[in-house]
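Reading through the structure tokens given below for one structure.
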Amino acid sequence: MMGTLIPTEMLKLVRQPAILFWGFLVVPLVAVLLKLVIEGFFIIRMGHWGAGDVDLFLSAARSLTLSGNSLGHLLFALGVASVFFLEYRYSTWRLLVPRHARFELYGAKLFVCLAWLALGLLVVALGDVALNLLFSLLKGQPEGALLVSVGSFSLLLAAAGIAFLELAVLASLVALIVVVFRSMIAAVLSAFLLAIGSSFLQLYLGTDADRLPLPSYAAQALRDWLLAGGSPVSALLGFAVLVGWLVILTALGLGVFSRQQLAVE
């Protein structure tokens, strides 16, 4: 049952701290550290704290745009691919397949990956909030204040949903490629090349590239609508594209996995 498989898969990952750190946590931690370094450099260079009010939740919402970072995709893909590939590498599927349904095995691994990706987004948001609180205390009230509003909190929740949906598509793509080719390298490179290729297409085609149904463009359309007043129609189409990718990739991955010969692996 999924109720027993999920804790087991979680335990497997926790007992591999290198994969857990480099595949799921290093990107969020570096994002928080980078904000700290930039602010610190500004203080050292300018000799004083920057003035101006800061919207606490809006700043955290903007920090979640790291879900579209190409290097971040490479490291996240490494983590997801490792979770699925280890059973092929050590030929342990033969121990699991007779005891559990295929969709449960696949679903448990994907669920654990999504849970850690969600935790990474939470680390980014909370880290941004904590740093803004720290900077506000150091600035002092005359130089700036923190703004907190229900509307900004709603934006933060929406931004978190967009970031999670984009990373869920990435996880489903990586899982599918690992299952099809039984290769971690193929999955990681494919995910990275998709991210880099999307960036190059946008540089070459300009705004015409936005019409292509690629996950990165769809997620960016949603972020533009949410944070920059972009077109609601483009946002709706972007949401449909992301959901379509997620459903198709997950279905394909489960379909291929259900028909693989794993009894001897």
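When a residue number appears, it is its place in the shown sequence, counting from 1.
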Practice task
Using modelled atom types only, decide if a donor and an acceptor are shared between the side chain of Lys109 and the backbone of Glu9 within a distance under 3.5 Å.
Solution key: no
Problem - Straight-line distance of Ser234 OG to Gln220 CD, nearest 0.5 Å - result: 11.5 Å
Using distance only, find each side-chain donor-acceptor pair of residues 243-250 under 3.5 Å and give its atom names and separation, not counting sequence neighbours.
{"unit_1": "Trp245", "atom_1": "NE1", "unit_2": "Pro213", "atom_2": "O", "d": "2.8"}
{"unit_1": "Thr250", "atom_1": "OG1", "unit_2": "Ser172", "atom_2": "OG", "d": "3.1"}
{"unit_1": "Thr250", "atom_1": "OG1", "unit_2": "Leu246", "atom_2": "O", "d": "2.7"}

Problem - Check: Asp128 side chain, Val124 main-chain N or O, donor-acceptor pair, under 3.5 Å - result: no
Problem - From CG (Leu34) to CG (Leu29), nearest 0.5 Å - result: 12.5 Å
Exercise for the section: Taking all heavy atoms of Thr92 and all of Leu86, pick out the closest pair and write down the distance. Expected result: OG1-O, 4.3 Å
Practice task
Report, as yes or no, whether the 6.0 Å neighbourhood of atom CD1 on Ile185 holds more than 12 heavy atoms from other residues, nucleotides or ligands.
Solution key: no
Problem - Heavy-atom donor-acceptor pair, Ser258 side chain to Leu254 backbone, under 3.5 Å - result: yes
Exercise for the section: Please confirm whether the backbone N or O of Ser198 pairs with a side-chain atom of Tyr217, one donor and one acceptor, at under 3.5 Å? Expected result: yes
Completion exercise
Minimal heavy-atom distance between Val174 and Ala191, with the atoms involved, is CG2-CB, 3.9 Å
Exercise for the section: Check side-chain hydrogen bond (donor to acceptor under 3.5 Å, both in side chains) between Ser190 and all other residues, then give those that pass, not counting sequence neighbours. Expected result: none
Problem - Spatial distance of atom CG (Leu133) from atom CG (Leu126) [nearest 0.5 Å] - result: 10.5 Å
Handout entry: From CE (Met184) to CD1 (Ile177), nearest 0.5 Å
Key = 13.5 Å
Handout entry: hydrophobic_cluster_shared for Phe85 and Leu20, side chain cutoff 4.5 Å
Key = yes
Practice task
Kindly indicate whether the side chain of Phe239, heavy atoms from C-beta on, has any atom under 4.5 Å from the side chain of Leu165.
Solution key: yes
Practice task
Decide yes or no on side chain to side chain contact (heavy atoms under 4.5 Å, CB included) for Ser82 and Arg89, but give the supporting numbers first.
Solution key: CA-CA 10 Å; Ser82 298; Arg89 179 183 179 184; over 6 Å; no
Handout entry: Pairs satisfying salt bridge (Lys or Arg N to Asp or Glu O under 4.0 Å), at least one member in residues 68-85, at least two apart
Key = none
Exercise for the section: Would you name the heavy atoms of Ala61 and Leu156 that are closest together and state the gap between them? Expected result: N-CD1, 3.6 Å
Practice task
Using modelled atom types only, decide if a donor and an acceptor are shared between the side chain of His73 and the backbone of Leu167 within a distance under 3.5 Å.
Solution key: no
Handout entry: Min side-chain heavy-atom separation Leu194-Leu170 under 4.5 Å
Key = no
Exercise for the section: May I ask you to decide whether Glu166 forms a salt bridge with Arg223, counting only side-chain N to carboxylate O separations under 4.0 Å? Expected result: yes
Exercise for the section: Take Leu214 and Leu201, measure what side chain to side chain contact (heavy atoms under 4.5 Å, CB included) needs, and give me the verdict at the end. Expected result: CA-CA 11 Å; Leu214 295 177; Leu201 279 175; 4.2 Å; yes
Exercise for the section: Could you tell me whether Phe21 atom CZ has more than 12 heavy atoms of other residues or ligands within 6.0 Å of it? Expected result: yes
Completion exercise
Distance col, row Ser67:OG vs Phe164:CZ, nearest 0.5 angstrom, shows 11.5 Å
Problem - Pairwise distance CZ(Arg99) to CG(Leu5) - rounded to 0.5 angstrom - result: 11.5 Å
Problem - Any side-chain heavy-atom pair of Leu75 and Phe192 under 4.5 Å - result: no
Exercise for the section: Identify whether Trp22 and Trp116 are in the same connected component of the hydrophobic contact network (ILVMFWY, side-chain heavy atoms under 4.5 Å). Expected result: yes
Exercise for the section: Identify whether Leu237 and Leu212 are in the same connected component of the hydrophobic contact network (ILVMFWY, side-chain heavy atoms under 4.5 Å). Expected result: no
Fill in the blank from the handout: Looking only at heavy atoms, the pair that brings Ala60 and Val129 closest together is CB-CG2, 4.0 Å
Handout entry: Close side-chain approach of Val179 and Tyr88, heavy atoms under 4.5 Å
Key = yes
Handout entry: Cluster check Val80, Leu193: I/L/V/M/F/W/Y, side chain < 4.5 angstrom
Key = no
Problem - Student check: side-chain heavy atoms of Cys113 and Phe84 closer than 4.5 Å - result: yes
Exercise for the section: List the steps, then state whether side chain to side chain contact (heavy atoms under 4.5 Å, CB included) holds for Leu58 with Arg62. Expected result: CA-CA 6 Å; Leu58 181 58; Arg62 294 186 186 282; 3.9 Å; yes
Exercise for the section: Report yes if the side chains of Leu262 and Arg94 come closer than 4.5 Å at any heavy-atom pair, otherwise no. Expected result: no
Exercise for the section: For residues Gly253 and Tyr106, report the shortest heavy-atom separation together with the two atoms involved. Expected result: CA-OH, 3.4 Å
Problem - Non-hydrogen side-chain atoms of Leu66 and Leu121 separated by less than 4.5 Å - result: yes
Problem - Lys12 and Glu87 ion-paired at < 4.0 Å - result: yes
Handout entry: Sidechain-backbone polar pair: Ser183 side chain, Ala186 backbone, donor-acceptor under 3.5 Å
Key = yes
Fill in the blank from the handout: Taking every heavy atom of Leu222 against every heavy atom of Ala235, the minimum-distance pair comes out as CD2-O, 3.2 Å
Exercise for the section: Please check if Val30 and Leu64 belong to a single hydrophobic cluster, counting links between Ile, Leu, Val, Met, Phe, Trp and Tyr side chain heavy atoms closer than 4.5 Å. Expected result: yes
Practice task
Could you tell me whether Phe257 and Trp93 have their ring centroids closer than 6.0 angstrom?
Solution key: yes
Handout entry: Main-chain N/O of Val150 paired to Ser154 side chain as donor or acceptor, under 3.5 Å
Key = yes
Problem - Side chain proximity check, Val27 to Asn69, heavy atoms < 4.5 angstrom - result: no
Exercise for the section: Please test Leu13 against Phe24 for side chain to side chain contact (heavy atoms under 4.5 Å, CB included), starting from the C-alpha separation and ending with a verdict. Expected result: CA-CA 11 Å; Leu13 186 55; Phe24 295 96; 4.0 Å; yes
